[in-house]
Amino acid sequence: MSELACPKCHQPLIRAGRTYKCENNHNYDIAKRGYINLLLNPDKRHNNPGDSKESLIARKAYLDKGYYDPILHEVTHYIQEHAHKEMAILDLGCGEGYYAFKAKQILGDQNRYYALDISKEAINMATRYDQDITWIVGNSKNIPILDHSLDVIMALFSVVNVNEIASTL
């Protein structure tokens with residue numbers, strides 16, 4: 001089951017081989033690294049939105065030292081306390097993928113994991129963690145997820161408008 005929605009018409013996206021397609025024939029190919037780019041040109045303010053490669057590398061090095069793991073453990077503990085059998089979990093503004101990957105390790109494989117960032121470079125780095133997480137280049141103001149299809153949205157260190165993401169839960 002996929003919770004992905006077309007960013008143009010918000011209809012369900014169905015996977016066929018290495019492509020996702022909606023009923024209105026909008027097509028999105030899966031990149032060689034395994035992510036899907038659902039960022040529309042009007043959603044971009046410039047050609048390379050999001051964090052720079054240098055910033056992402058520095059953040060990954062810092063996170064890999066475990067300094068922010070207490071936050072990760074609090075978030076995953078809260079999710080476990082309120083979890084039901086199988087959940088759809090989105091890491092919104094996932095950056096280089098650290099929290100999505102670690103949450104999956106802690107919470108287990110029974111859930112479906114999605115991770116979205118506006119930075120193509122960040123998602124490209126994130127795909128190195130785990131190919132079973134659905135990595136998405138997209139905009140948090142036009143989340144390409146079907147309404148009312150998610151159980152959890154993690155937005156660690158991301159600025160989001162709650163009203164914009166409320167319909168996906």
Side-chain angles (χ1 to χ4, degrees), residues 1-64 86-105 107-147 149-160 164-165 168:
M1 175 175 179
S2 173
E3 285 79 12
L4 293 178
C6 177
K8 292 181 183 175
C9 63
H10 215 67
Q11 294 301 310
L13 287 176
I14 308 300
R15 185 172 178 169
R18 300 217 24 102
T19 300
Y20 280 92
K21 184 178 183 179
C22 73
E23 64 184 31
N24 293 317
N25 289 321
H26 300 129
N27 294 297
Y28 307 93
D29 292 333
I30 298 170
K32 289 178 187 176
R33 296 280 319 149
Y35 65 85
I36 182 166
N37 189 338
L38 298 177
L39 183 63
L40 301 176
N41 281 336
D43 290 340
K44 296 194 237 181
R45 291 185 185 213
H46 52 83
N47 286 338
N48 294 310
D51 295 327
S52 68
K53 184 175 184 176
E54 294 78 18
S55 174
L56 293 162
I57 290 169
R59 183 180 313 132
K60 181 177 178 352
Y62 189 80
L63 289 170
D64 284 345
E86 181 182 313
M87 297 182 297
I89 300 170
L90 171 64
D91 183 1
L92 189 60
C94 68
E96 76 302 322
Y98 180 84
Y99 287 107
F101 173 66
K102 292 292 188 175
K104 183 179 179 215
Q105 285 183 322
L107 298 171
D109 290 332
Q110 74 278 7
N111 302 309
R112 291 178 313 285
Y113 296 89
Y114 299 89
L116 179 141
D117 200 276
I118 198 166
S119 169
K120 187 188 233 183
E121 187 65 45
I123 294 298
N124 193 40
M125 286 176 66
T127 61
R128 292 177 175 92
Y129 279 117
D130 188 326
Q131 290 292 315
D132 292 329
I133 295 172
T134 302
W135 302 104
I136 306 163
V137 177
N139 191 330
S140 64
K141 293 181 180 181
N142 182 21
I143 300 173
I145 300 285
L146 297 172
D147 289 349
S149 64
L150 296 173
D151 299 292
V152 175
I153 298 175
M154 299 186 310
L156 303 171
F157 305 105
S158 297
V159 177
V160 295
E164 291 173 352
I165 65 171
T168 57

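In this chain, residues are counted from 1 in sequence order.
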Checking [X] side chain against [Y] main chain: does a donor-acceptor pair fall under 3.5 Å?
| X | Y | value |
| --- | --- | --- |
| N24 | H26 | no |
| D91 | A115 | no |
| Y114 | E3 | yes |
| Q110 | L107 | yes |
| Q131 | R33 | yes |
| R59 | A61 | no |
| N111 | M87 | yes |
| W135 | D130 | yes |

What are the two closest heavy atoms between [X] and [Y], and how far apart are they?
| X | Y | answer |
| --- | --- | --- |
| A126 | G95 | CB-O, 4.3 Å |
| L116 | P144 | CD1-CD, 3.4 Å |
| L39 | G138 | CD1-C, 3.9 Å |
| N142 | L40 | ND2-CD1, 3.9 Å |
| L146 | S149 | O-OG, 2.6 Å |
| C94 | I123 | SG-CD1, 3.5 Å |

Could you work out, with salt bridge (charged side-chain N to carboxylate O under 4.0 Å, His left out) as the rule, every residue matching K102, not counting sequence neighbours? none
Can you tell if the side chain of [X] reaches within under 4.5 Å of the side chain of [Y], non-hydrogen atoms only?
| X | Y | value |
| --- | --- | --- |
| K21 | N27 | yes |
| N139 | P7 | no |
| I153 | I143 | no |
| D147 | H10 | yes |
| L56 | K60 | no |
| Y113 | D132 | no |
| I36 | V137 | no |
| E96 | D51 | no |

Please work out which of the three classes, parallel, tilted or perpendicular, describes the rings of F101 and Y129, given edges at 30° and 60°.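 Rings of Y129 and F101: parallel, as their planes differ by under 30°.
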Can we say D29 and R18 salt-bridge, meaning some charged N sits less than 4.0 Å from an Asp/Glu carboxylate O?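 So D29 does not pair with R18 through a salt bridge.
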Could you please spell out the steps behind the side chain to side chain contact (heavy atoms under 4.5 Å, CB included) verdict for M125 and I57? CA-CA 9 Å; M125 286 176 66; I57 290 169; 4.2 Å; yes
Got a second to check how far C6's SG is from K8's NZ, nearest 0.5 Å?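 So the gap between those two atoms works out to 6.5 Å.
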Report the C-alpha separation of N124 and K120 in whole Å, then their side-chain angles, then the decisive distance to 0.1 Å, and conclude whether the side chain to side chain donor-acceptor pair (under 3.5 Å) test is met. CA-CA 6 Å; N124 193 40; K120 187 188 233 183; over 6 Å; no
